[in-house]
Enquirer: 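My structure is below; once you've seen it, I'll send some questions.
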Amino acid sequence: QVEPVESGGGLVQAGGSLKLSCAASGRISNSYAMGWFRQAPGKEREFVAALNWNGDYTTYSDSVKGRFTISRDGGANTISLQMNSLKPEDTAVYYCSAGPVMSRRTNLYPYWGKGTQVTVSS
């Protein structure tokens, strides 16, 4: 079983920064893509950012492009999400995902973490 585990969430003021990390353990291929999604209360889970297996290709949602950076972080199945210039509308539970294809679609990622809360105060 593959299990991504997120860390690094918390409370920050608008304009501040946070860095999320995710390590995927278990029987996971080193060629897996990984991504970040988020879900705010009462809303559907939405795509944030993703990268391919070696980090050469990345993609971002329009709402975070230029403020967030996704990257491979040391181990083959360890990624981070550097979040700068945070806004109150970034408040959500952030989920790490892993799967064979880099995608913006939730249904193409078979493996999900339990999530970490990010709260941005105004």
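In this text the structure is predicted, and so the values were computed from the model without any measurement.
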Enquirer: Can you list the steps and then say if D73 with I79 is a side chain to side chain contact (heavy atoms under 4.5 Å, CB included)?
Expert: CA-CA 5 Å; D73 206 14; I79 64 170; 5.6 Å; no

Enquirer: Quick one: do L18 and W36 end up in the same hydrophobic cluster if we chain Ile, Leu, Val, Met, Phe, Trp and Tyr together by side-chain heavy atoms under 4.5 Å apart?
Expert: yes

Enquirer: Is there side-chain contact between V118 and T91, with at least one heavy-atom pair below 4.5 Å?
Expert: no

Enquirer: Answer yes if the side chains of R104 and T59 hold a donor-acceptor pair under 3.5 Å, and no otherwise.
Expert: yes

Enquirer: Is R45 positioned over the aromatic face of Y95, cation under 6.0 angstrom from the ring centre and no more than 45 degrees off axis?
Expert: yes

Enquirer: With rounding to the nearest 0.5 angstrom, report the CG to CZ distance, L81 to R38.
Expert: 9.5 Å

Enquirer: Under the criterion side chain to side chain contact (heavy atoms under 4.5 Å, CB included), I'd like the reasoning laid out for M102 against Y57: C-alpha separation, chi angles, the key distance, then a yes or no.
Expert: CA-CA 9 Å; M102 184 179 77; Y57 295 96; 4.2 Å; yes

Enquirer: Same hydrophobic cluster for L20 and L51, using side-chain heavy-atom links shorter than 4.5 Å among ILVMFWY?
Expert: yes

Enquirer: Determine whether P110 and P100 make a side-chain contact, defined as any pair of heavy atoms from C-beta on separated by less than 4.5 Å.
Expert: yes

Enquirer: If you look at every heavy atom in S103 and L108, which pair is closest and at what distance?
Expert: OG-CD1, 3.3 Å

Enquirer: To the nearest 0.5 Å, how far apart are NZ in K19 and OG in S7?
Expert: 10.0 Å

Enquirer: Side chains of M34 and R72: does their closest heavy-atom pair fall under 4.5 Å?
Expert: yes

Enquirer: Please check if any side-chain donor atom of S17 sits under 3.5 Å from a side-chain acceptor atom of N84, or the reverse.
Expert: yes

Enquirer: Check E6 with K114, please: is the shortest side-chain N to carboxylate O separation under 4.0 Å?
Expert: no

Enquirer: Starting at CD of Q39, measure out to OG1 of T106 and round the result to the nearest 0.5 Å.
Expert: 9.5 Å

Enquirer: What pairs with F37 under ring-ring contact (aromatic ring centres under 6.0 Å, His included), at least two apart in sequence or on another chain?
Expert: F47, Y109, W112

Enquirer: Ignoring hydrogens and angles, write down the donor-acceptor pairs under 3.5 Å from the side chains of residues 64-71, residues two or more places apart or on other chains.
Expert:
{"unit_1": "R67", "atom_1": "NH1", "unit_2": "S85", "atom_2": "O", "d": "2.9"}
{"unit_1": "R67", "atom_1": "NH1", "unit_2": "D90", "atom_2": "OD2", "d": "2.8"}
{"unit_1": "R67", "atom_1": "NH2", "unit_2": "S63", "atom_2": "O", "d": "2.9"}
{"unit_1": "R67", "atom_1": "NH2", "unit_2": "D90", "atom_2": "OD1", "d": "3.0"}
{"unit_1": "R67", "atom_1": "NH2", "unit_2": "D90", "atom_2": "OD2", "d": "3.4"}
{"unit_1": "S71", "atom_1": "OG", "unit_2": "S80", "atom_2": "OG", "d": "3.1"}

